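To start, the structure under review is shown below, and the notes come after it.
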Amino acid sequence: MSDDSTRDAAESDGDDAPDAAGVPDATEPTDGDDTEHRAFWADSVADEIEARDPEEPIVIKGGVSPSGVAHLGNFNEIMRGYFVAEVLRERGREVRQVFTSDDKDPLRKLPRKLADTEGNIVGLGDVDAGALGRNLGKPYTAIPDPFGEADSYAAHFANLLKADADRLGVPVEMISNTELYADGAFDPVVERVLSDIENARAVLSEYQRKVDGEYVPFNPVCGECGKITETVTDIDPDAGTVDYVCTDLTVGDETIDGCGHEGTATFREGKLPWRFEWPGQWQVLGVDFEPFGKDHAEGSWPSGEDIARSVLEIEPPVPMTYEWFTLNGEALSSSAGNIVTVPEILELLEPEVLRYFFALDPRKARNLDLSRLDQLVDDFDRFERAYFGGVDDETLTAFAERAYPFVVEEVREERVRLPYTFAAVLGMTDDREVRVEMARNEGHFAEDTPEWAIEEALERVEKARAWAERMDNAYNYRLQVEMPDVHLESDVETALDELADFVDAGHDGDEIQGEIYETAKRHDLEVSDLFGAGYRLFFDQPQGPRLGEFLGDLDRTFVVKRLRRAE
RNA sequence: GGGCCGGUAGCUCAGUUUGGCAGAGCGUCUGGCUUUUAACCAGACGGUCGGGGGUUCAAGUCCCUCCCGGCCCGCCA
């Protein structure tokens, strides 16, 4: 176990992310006054926040170290916070949702994966790794963007995260931790911690054994080499400075060399260690609610809560632990390549389905199985129907009544949802008219279905098509525009010619489907042989969707020509 | 080793606060759609609610204990 920890620590910054469910403490009512059960967890959290009679705007926070790839796990905090924010706004509260980029943290190790400006995941080999290596130990904001576009390494990843939040329609305000120090917002916190250092040590030592009488909870940035240092030799709270020596920094079994410089730094030229910095953020930003992954639940939350009360003398925010989700059954890990980004998953799903995923109970550990996205979409569709009263399930309906309006951008009952796997079938052809016709035949579109609803419904076809291709699953068939290279027995060819005549005479899909059986029978063929030939001709595969009905929706001339094997 | 969270049908999940018949969707199977061919319809099958013990008229739900998984109890965040 401890062996692993080295590896894990190596990329702990971002990677292993959080996932899905949450901790109960968080949603437990304060002091047992009113224990009203809520169908939507965000209502329970909102109750708890309101019970504190908070000043407005109510501040909801999340945060992450901008270490490498912004992946879906990082969105737990943003999405969980979003639902609580929306519930409070609905109750007439003014809410500010912020997300800190903890970008004064030092780059401790070279990431194995990065995300470029478009959010695509790339390897370290695609950037100047040597340049990055020389910046080990410096704050992320002091390191150039490896892709050369943003102001810094930190800004690059903060921009990606912000872009993803925009894609999901979450109005989150990004805050640079470095800036909080630079503009003096953190001054009172640092001053408090360092002037009351005996107390600070005493409190933290309850949680961290390493804390001793020499421990100084402040890490200056070296004025010479720019790296975060660990050795403070003197503190002058009145002057607001510390003296330091730029010593080596040990990270796991690696050492980042210090330059030996001896200097003096102001409270703005350095940072607090995380255990103090987190509570400091609560104070500086006036945080009322913060969701966090279960890794914090037994570590930094208890100490942070204590530091907030005992050192900073502030009330910590309402907490909520969420469980992590797994991706395809495995922990999220960028180094292992088990990662999905927001843009990636939005190629496969509508944003509202993804929001739905995060509206589910945060306490439950979930698995996001890309090969079974149809299940997630089906669940969403059912959830949506429940909102409109179409599902005989009290619990689901109660949940949907509360959560659904926050999941969709706009509540519109006339909206049409094509079942995801059916959408994948429609994705076998690019012809929009064929898609619409097939959907009509299946009863998904009615005569009076408005054009906007058809447009929206068809957007799912593109998602489902991308899914079928990416998973290379049972729906990954493609109508062949060019005649495939097929070899057929002569009796099969004869049968196909007859079938072509039948189609040419003008029959609908059902009739064609029936005629395939009849034709096979007449020619003493195995039905499967004739179907097989059809699938070869149209899909260049041995199998496919219900053939007759599919052909009935295609252009008749095309179908006839293809059945006759004409180029 | 200690602590926290999770474990309900093959899969994805409700239900656990406040004890009251074990649930849904999907999948599977069977049947239907004049006819084995993945879209549609109906029905059926499917459960030791992780195991064991306890409390109770009654336990998925409460208590004890054990198993499995994740996390924390070093550093860092």
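Owing to the predicted nature of the structure, the values given are computational and were not obtained by experimental measurement. Throughout, a chain's letter reflects where its sequence line sits, starting with A, and its residues are numbered from 1.
- Look at R363(A) and you won't find any side-chain N or O under 4.0 angstrom from OP1 or OP2 of C13(B).
- Taking side-chain N and O atoms only, K364(A) has no distance below 4.0 Å to OP1 or OP2 of C5(B).
- C40(B) and G32(B) make up a base pair, with Watson-Crick or G-U wobble contacts both under 3.5 Å.
- Shown here, A77(B) forms no base pair; nothing in the strands shown gives a Watson-Crick or G-U wobble contact with both key distances under 3.5 Å.
- Side-chain contact check for Y181(A) and E277(A): at least one donor-acceptor pair (N or O, by modelled atom type) lies under 3.5 Å.
- Side-chain N/O atoms of T421(A) and D374(A) include no donor and acceptor closer than 3.5 Å.
- Summarising the geometry, the separation between CG on L272(A) and P on A77(B) is reported as 10 Å, rounded to the nearest angstrom.
- Among the protein residues, S300(A) comes within range of the nucleic acid bases, having at least one heavy atom under 4.0 Å from a base atom.
- The cationic group of K104(A) does not satisfy the cation-pi geometry with Y140(A), failing either the under 6.0 Å distance to the six-membered ring centre or the 45° limit from the ring axis.
- One cannot find a donor-acceptor pair under 3.5 Å joining the base of U34(B) and the side-chain atoms of K521(A).
- G60(B) and G23(B) have their P atoms separated by 12 Å, given to the nearest Å.
- Distances from the side chain of R372(A) to the nucleotides C40(B), C26(B), G6(B) place C26(B) closest.
- Residue-level contact check: F399(A) touches neither bases nor backbone, having no heavy atom under 4.0 Å from any strand.
- Rounded to a whole angstrom, the distance from the C1' atom of C63(B) to that of G70(B) is 25 Å.
- A donor-acceptor contact under 3.5 angstrom links the side chains of R275(A) and S303(A), judged on distance only.
- G443(A) comes within 4.0 angstrom of nothing in the nucleic acid, heavy atoms only.
- Side-chain atoms of K210(A) stay outside donor-acceptor range of the base of G74(B), with no qualifying N/O pair under 3.5 Å.
- Under 3.5 Å, the side chain of Q375(A) and the base of C11(B) form at least one donor-acceptor pair of N or O atoms.
- Side-chain N/O atoms of Y477(A) and base N/O atoms of A38(B) include a donor-acceptor pair closer than 3.5 Å.
- In this structure, of A14(B), A39(B), G70(B), it is A39(B) that holds the atom nearest to the side chain of E442(A).
- Aromatic ring centres of F550(A) and F539(A): separated by under 6.0 Å.
- Distance noted for atom P between U28(B) and G10(B): 15 Å (whole Å).
- Heavy atoms of K104(A) sit nowhere under 4.0 angstrom from any nucleic acid atom.
- In summary, the side chains of Y387(A) and E401(A) do not present any donor paired with an acceptor at a separation below 3.5 Å, with no hydrogens or angles considered.
- Within the nucleic acid shown, G514(A) comes within 4.0 Å of at least one base atom, counting heavy atoms only.
- When Watson-Crick and G-U wobble pairs are counted only if both distances are under 3.5 Å, G10(B) pairs with C26(B).
- Separation of the C1' atoms belonging to G19(B) and U56(B) is 9 Å when rounded to the nearest angstrom.
- Here the separation of G54(B) from A9(B), taken at their P atoms, is 25 Å to the nearest Å.
- In this structure, the nucleotide among A38(B), A77(B), C71(B) sitting nearest to the side chain of A474(A) is A38(B).
- Side-chain contact between F40(A) and F83(A) is present, with heavy atoms from C-beta onward closer than 4.5 Å.
- Taking the C1' atom of each, C21(B) and C49(B) are spaced 15 Å apart, rounded to whole Å.
- Heavy atoms from other residues, nucleotides or ligands lying under 6.0 Å from CD of Q541(A) number more than 12.
- The interatomic distance linking I256(A) (CD1) with C76(B) (P) rounds to 13 Å, in whole Å.
- Of the side-chain N and O atoms in N367(A), one or more sit less than 4.0 angstrom from OP1 or OP2 of U12(B).
- With P as the reference atom, A24(B) and C45(B) are 12 Å apart, rounded to whole Å.
- The shortest distance between the side-chain N/O atoms of Q208(A) and the OP1/OP2 oxygens of C75(B) is below 4.0 Å.
- Using atom P as the reference point in both C57(B) and C72(B), the two lie 45 Å apart (nearest Å).
- Distance from the side chain of V425(A) is smallest for A39(B) among the nucleotides A14(B), U12(B), A39(B).
- Atom CZ in F422(A) sits about 21 Å away from atom P in G25(B), given to the nearest Å.
- Checking M438(A) against L396(A), the closest nucleotide of RNA chain B that is more toward the 5' end is the one next to L396(A).
- Straight-line distance from the CG atom of D393(A) to the P atom of G15(B): 9 Å, rounded to whole Å.
- Of the candidates A14(B), A77(B), G25(B), the closest approach to any side-chain atom of D378(A) belongs to G25(B).
- Checking A39(B), A77(B), A24(B) against every side-chain atom of R382(A), the shortest atom distance belongs to A24(B).
- Atom P of nucleotide U12(B) and atom CZ of F357(A) are separated by 11 Å, given to the nearest angstrom.
- Dashed line: the shortest gap from a side-chain N or O of R275(A) to OP1 or OP2 of C73(B) is under 4.0 Å.
- No hydrogens or angles considered: a donor-acceptor pair under 3.5 Å links the side chains of Q281(A) and N177(A).
- As a whole-Å value, the separation of R435(A) CZ from A39(B) P is 19 Å.
- Base pairing annotation: C45(B) forms no Watson-Crick or G-U wobble pair, as no partner gives both donor-acceptor distances under 3.5 Å.
- Mapping A39(A) and R209(A) onto RNA chain B by nearest heavy atom places A39(A) at the nucleotide closer to the 5' end.
- Rounded to whole Å, atom P of C5(B) lies 8 Å from atom CD of E298(A).
- With rounding to whole Å, R546(A) atom CZ is found 7 Å from C33(B) atom C1'.
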